[in-house]
Q: 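First the structure, which I've put down as structure tokens, then a few questions once you've had a look.
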Amino acid sequence: MMTSIAPGNSKLHFGETFYRGQGCKQPYWVSSVAVPRCTQKDLSSSYGVSKAFWINGLQNLHLHTNQKWKPRRTSISSSLRDGSAKYFDFAVIGSGVAGLRYALEVARHGTVSVITKAEPHESNTNYAQGGVSAVLCPSDSVESHMHDTIVAGAYLCDEEIVKVVCTEGPDRIRELIAMGASFDHGEDGNLHLAREGGHSHHRIVHAADMTGREIERALLEAVDKDPNIFMFEHHFAVDLLTSQDGSDTICYGVDTFNTATQEVVRFISTVILLASGGAGHIYPTTTNPPVATGDGIAMAHRAQAVISNMEFVQFHPTALADEGLPIRPTNARENAFLITEAVRGDGGILYNLGMERFMPFYDDRAELAPRDVVARSIDDQLKKRIDRYVLLDISHKPRQKVLAHFPNIAAECLRHGLDITKQPIPVVPAAHYMCGGVRAGLQGETNVRGLYVAGEVACTGLHGANRLASNSLLEALVFARRAVQPSVDHMKSSNIDHSASDAWPKPVMPIALGSAVLNNIIYRTREVRKELQSIMWKYVGIVRSTTRLKTAEKKIGELELEWESFLFQNGWEPTMVGLEACEMRNLFCCAKLVVSSALARQESRGLHYTVDFPFVVESERLPTVIFPGSPVNGTWSSRQLHRPQVCST
């Protein structure tokens, strides 16, 4: 679709605590969504566009202020048996570090449902190896951490956000330790601080090479002991429940379905925290767990939330290349095995298959350059030499030190016949982290009233055009904590009566289609998923071009329409839900957001590198913002299953 300047001077209202400043300029409409490019100052303000549509004549919601509504308490066992609506003060979507840390804080003020797609531990947090960055050494400083973050982010970071996160980070680490998280200590008894690419100091707190797993363990133990927190496993979040109050969108809950019992379960809450992780599975190879299909970003986009910086997809430079192992895995992995940044931080050296060290030719920082630089350098080596992987060598370091720092990596490689204390590790880049996501303010608030975000699903402005290593867990901890007080204030000032659950039609499970039809739909959907991933890797990968991006846009549009036609011809209704279909719906949505954002950025900055605009352009040092557009004539992936309700006045 052609890009054109939008007519008029539209405005989108944000709440009082959202951005500060004066407004946006240069709005572009891309694929039916506005993609304005705003200055950093603009993105700290109240601004936006008017609603593109009005919906009338629907059931009313009853919103009362200054009255606290009491949720109906339900036990975990009865909740899993019963498909009726659940009422909680707070609903958290996601069970990684952001969701759990937030839940533990707001549980002091009310009841909390934690809705998780699979097992509680199955999150990006659990797969985080390297650690958490924070200024905990006297020779380090907040200013130095800020500088490293901004340089790695290609100067697109929001400096106020960077200062907040780097300043508050050390206290968030101390809180984890107080809760029972166990991190590595040096011989002097102090925390052992590692160094990773892009960092000028040793500031990475870690638990060997399994830091995320240790943090998740400590948080889950605390959650399990809290009587106000209820964990709902195997509940897939489908769509947020929203209403329109004039030009405002208000969130009241979320529809889910229990993948174990095949029941639809509705959660009603005055406050929703989205902490559902990223969208790594829009690509065929990713370090993300299978649950990372962009569900939160897609739900928020359909609910009229502002999305930002989706072109900045971080490819981790060093995922384990299975084809280079002496003994290859019998079955293909669901997600690539990560080789942490800390291996290079500890002195690991990158070689091509000719055993030539190549990083010094690309960057003076060599192996300690930021991830975007290292990933592009490896990609260039692979294309020039027509190789499938490169080698990361740590074998020149003392054996005991290597085994002590990287026991998980050593064990995984040894399972496949490779001793990392004697042999180099075959590695290749893989999709790893979304620097973009749902646009958030200083307290995790969004433009949708009652909806907060934290973790990878959010775009706070911290990462800019490229995330600095080990800043992700830090950001999640800081924003999970910052979202608490405004959430509590909103909960205390709002009240929804219990008839609110009936204001939206419920999704339905597709049981009536019969097993033969459903199996056919699942089979075709899995094929379509692989086709989408192939398009994204071929045309929207580490190195891009305008022609390839437009080709991706066209191919994705055609594939989505073909898939939806197949669904509906087989009796699928727009209100039906199923795991494979709903994940596919969200993957399409996120892929289109990435492509639209990439086409809007006419420069190369950070993770977005295009051969047509190979240089940084100062006038382009602006976040990409996707405003909500009208979903009335959109595809299934871009509309909610229900229409937003209209509040009565």
Side-chain angles (χ1 to χ4, degrees), residues 39-41 43-44 130-137 139-170 193-204 308-309 311-318 340-342 344-345 350 359-379 429 432-436 459-475 478 542 601 603-610 613-624:
T39 65
Q40 290 290 359
K41 182 178 180 182
L43 280 171
S44 297
V132 190
S133 60
V135 176
L136 294 164
C137 176
S139 62
D140 198 1
S141 68
V142 168
E143 291 73 22
S144 178
H145 192 183
M146 288 177 61
H147 177 264
D148 293 345
T149 298
I150 292 168
V151 170
Y155 298 92
L156 196 65
C157 308
D158 184 314
E159 291 190 28
E160 183 177 12
I161 296 291
V162 174
K163 183 175 182 179
V164 163
V165 173
C166 294
T167 301
E168 297 180 6
L193 302 176
R195 184 183 175 192
E196 296 180 348
H199 288 274
S200 57
H201 290 74
H202 289 75
R203 63 168 70 100
I204 314 301
S308 187
N309 286 357
E311 68 268 40
F312 299 120
V313 181
Q314 186 173 80
F315 290 84
H316 198 289
T318 56
T340 175
E341 191 99 8
R344 286 183 284 120
L350 284 164
M359 277 309 302
F361 295 105
Y362 293 97
D363 194 282
D364 291 340
R365 293 162 291 185
E367 282 79 10
L368 290 178
R371 289 178 180 177
D372 60 324
V373 175
V374 180
R376 276 197 302 276
S377 302
I378 293 174
D379 183 71
H432 182 60
Y433 189 89
M434 303 294 296
C435 290
C459 181
T460 65
L462 173 68
H463 306 309
N466 175 51
R467 175 172 70 81
L468 180 64
S470 289
N471 265 3
S472 56
L473 292 178
L474 175 71
E475 179 196 40
V478 168
I542 296 172
R601 182 167 294 281
E603 65 161 351
S604 289
R605 185 181 295 274
L607 297 163
H608 175 70
Y609 183 85
T610 170
F613 305 97
F615 304 109
V616 171
V617 179
E618 180 58 25
S619 62
E620 292 278 308
R621 189 162 65 90
L622 311 164
T624 304

Q: Once you round to the nearest 0.5 Å, how far does CD of Glu341 lie from CG of Leu368?
A: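 With rounding to 0.5 Å, CD (Glu341) is 8.5 Å from CG (Leu368).
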
Q: Would you confirm whether Asn309, through its side chain, and Pro623, through its main-chain N or O, come within 3.5 Å as a donor-acceptor pair?
A: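 Judged by distance alone, no pair lies under 3.5 Å.
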
Q: Does the side chain of Leu474 come within less than 4.5 Å of Asn471's, by heavy atoms?
A: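 Side chain of Asn471 against side chain of Leu474, heavy atoms only: contact under 4.5 Å found.
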
Q: Is the shortest side-chain N to carboxylate O distance from Glu618 to Arg621 below 4.0 Å?
A: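 Salt bridge between Glu618 and Arg621, a charged N being under 4.0 Å from a carboxylate O: yes.
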
Q: Working to the nearest 0.5 angstrom, can you tell me the gap between Thr149 OG1 and His147 NE2?
A: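 Reported to 0.5 Å precision, the distance equals 10.5 Å.
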
Q: Could you go through the side-chain contact (heavy atoms from CB on, under 4.5 Å) check for Ser377 and Met359 one step at a time?
A: CA-CA 7 Å; Ser377 302; Met359 277 309 302; 3.5 Å; yes

Q: Compare every heavy atom of Val478 with every heavy atom of Glu168, then report the nearest pair and how far apart it is.
A: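 That closest heavy-atom pairing would be OE1-CG1, 3.6 Å.
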
Q: Looking only at atom types and distance, does a side-chain atom of Ser604 sit under 3.5 Å from a main-chain N or O of Thr610, one as donor and one as acceptor?
A: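 Checking the backbone N and O of Thr610 against the side chain of Ser604, a donor-acceptor pair under 3.5 Å is found.
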
Q: Does the Thr167 side chain pair with the main chain of Lys163, one donor and one acceptor, at a distance under 3.5 Å?
A: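 Side chain of Thr167 to backbone of Lys163, a donor-acceptor pair under 3.5 Å: yes, one is there.
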
Q: Output the distance between atom CG (Asp148) and atom CD (Glu196), rounded to the nearest 0.5 Å.
A: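 Answer for the CG-CD pair, Asp148 versus Glu196, is 12.0 Å.
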
Q: Taking the side chain as every heavy atom from C-beta outward, state whether Glu603 and His608 have any atom pair closer than 4.5 Å.
A: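 Sidechains of His608 and Glu603: no contact.
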
Q: Within the structure provided, determine whether His145 and Val165 are in side-chain contact (heavy-atom separation under 4.5 Å).
A: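 They are not in contact (no side-chain heavy atoms under 4.5 Å apart), so the answer is no.
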
Q: How close do Ser470 and Ile204 get, counting heavy atoms only, and between which atoms?
A: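 Where Ser470 meets Ile204 most closely, the heavy atoms are OG-CG2, 3.5 Å.
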
Q: Test your reading of the model: is there a side-chain donor-acceptor pair from His199 to the backbone of His201, 3.5 Å cut-off?
A: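 No, because the side chain of His199 does not come within donor-acceptor range (under 3.5 Å) of the backbone of His201.
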
Q: Verify, without hydrogens or angle tests, whether Arg605 (side chain) and Val617 (backbone) share a donor-acceptor contact under 3.5 angstrom.
A: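 The answer is yes, because a donor-acceptor pair under 3.5 Å joins these two groups.
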
Q: What do the steps show when you test Arg601 against Phe312 for side-chain contact (heavy atoms from CB on, under 4.5 Å), and what is the final call?
A: CA-CA 10 Å; Arg601 182 167 294 281; Phe312 299 120; 3.3 Å; yes

Q: Looking at Ile378 and Leu350, what are the two nearest heavy atoms and their distance?
A: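 Closest approach of Ile378 to Leu350: CD1-CD1, 4.2 Å.
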
Q: To check you understand the geometry: which heavy-atom pair defines the closest contact between Pro370 and Asn466, and what is its length?
A: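 Shortest heavy-atom contact: CB-ND2, 3.7 Å.
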
Q: For a quick test of reading the model, state the closest non-hydrogen atom pair linking Ser144 to Arg203 and the distance between them.
A: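 Taking Ser144 first and Arg203 second, the nearest heavy atoms are OG-NH2, 3.2 Å.
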
Q: Nearest 0.5 Å, what's the CG-CG distance between Leu156 and Leu622?
A: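 The CG atom of Leu622 is 7.5 Å from CG of Leu156, to the nearest 0.5 Å.
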
Q: For the residue pair Glu475 and His463, confirm or rule out a side-chain donor-acceptor distance under 3.5 Å.
A: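 There is such a pair (donor and acceptor under 3.5 Å, judged by atom type) between the side chains of Glu475 and His463.
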
Q: How long is the gap from SG on Cys435 to CD on Glu311, to the nearest 0.5 Å?
A: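 It is 10.0 Å, given to the nearest 0.5 Å.
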
Q: Heavy-atom distance under 4.5 Å between the side chains of Arg344 and Val374, does that happen here?
A: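 Heavy-atom side-chain distance check passes, below 4.5 Å.
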
Q: Side chains of Ile542 and Pro429: closer than 4.5 Å at any heavy-atom pair?
A: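 A side-chain contact under 4.5 Å exists here.
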
Q: Do side-chain atoms of Gln314 reach the backbone of Arg371 as a donor and acceptor pair under 3.5 angstrom?
A: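 Flag not set: sc Gln314 to bb Arg371 has no pair under 3.5 Å.
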
Q: Heavy atoms only: give me the nearest Cys137-Leu193 pair and the separation to one decimal.
A: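 Smallest heavy-atom distance, with atoms named: CB-CD1, 3.8 Å.
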
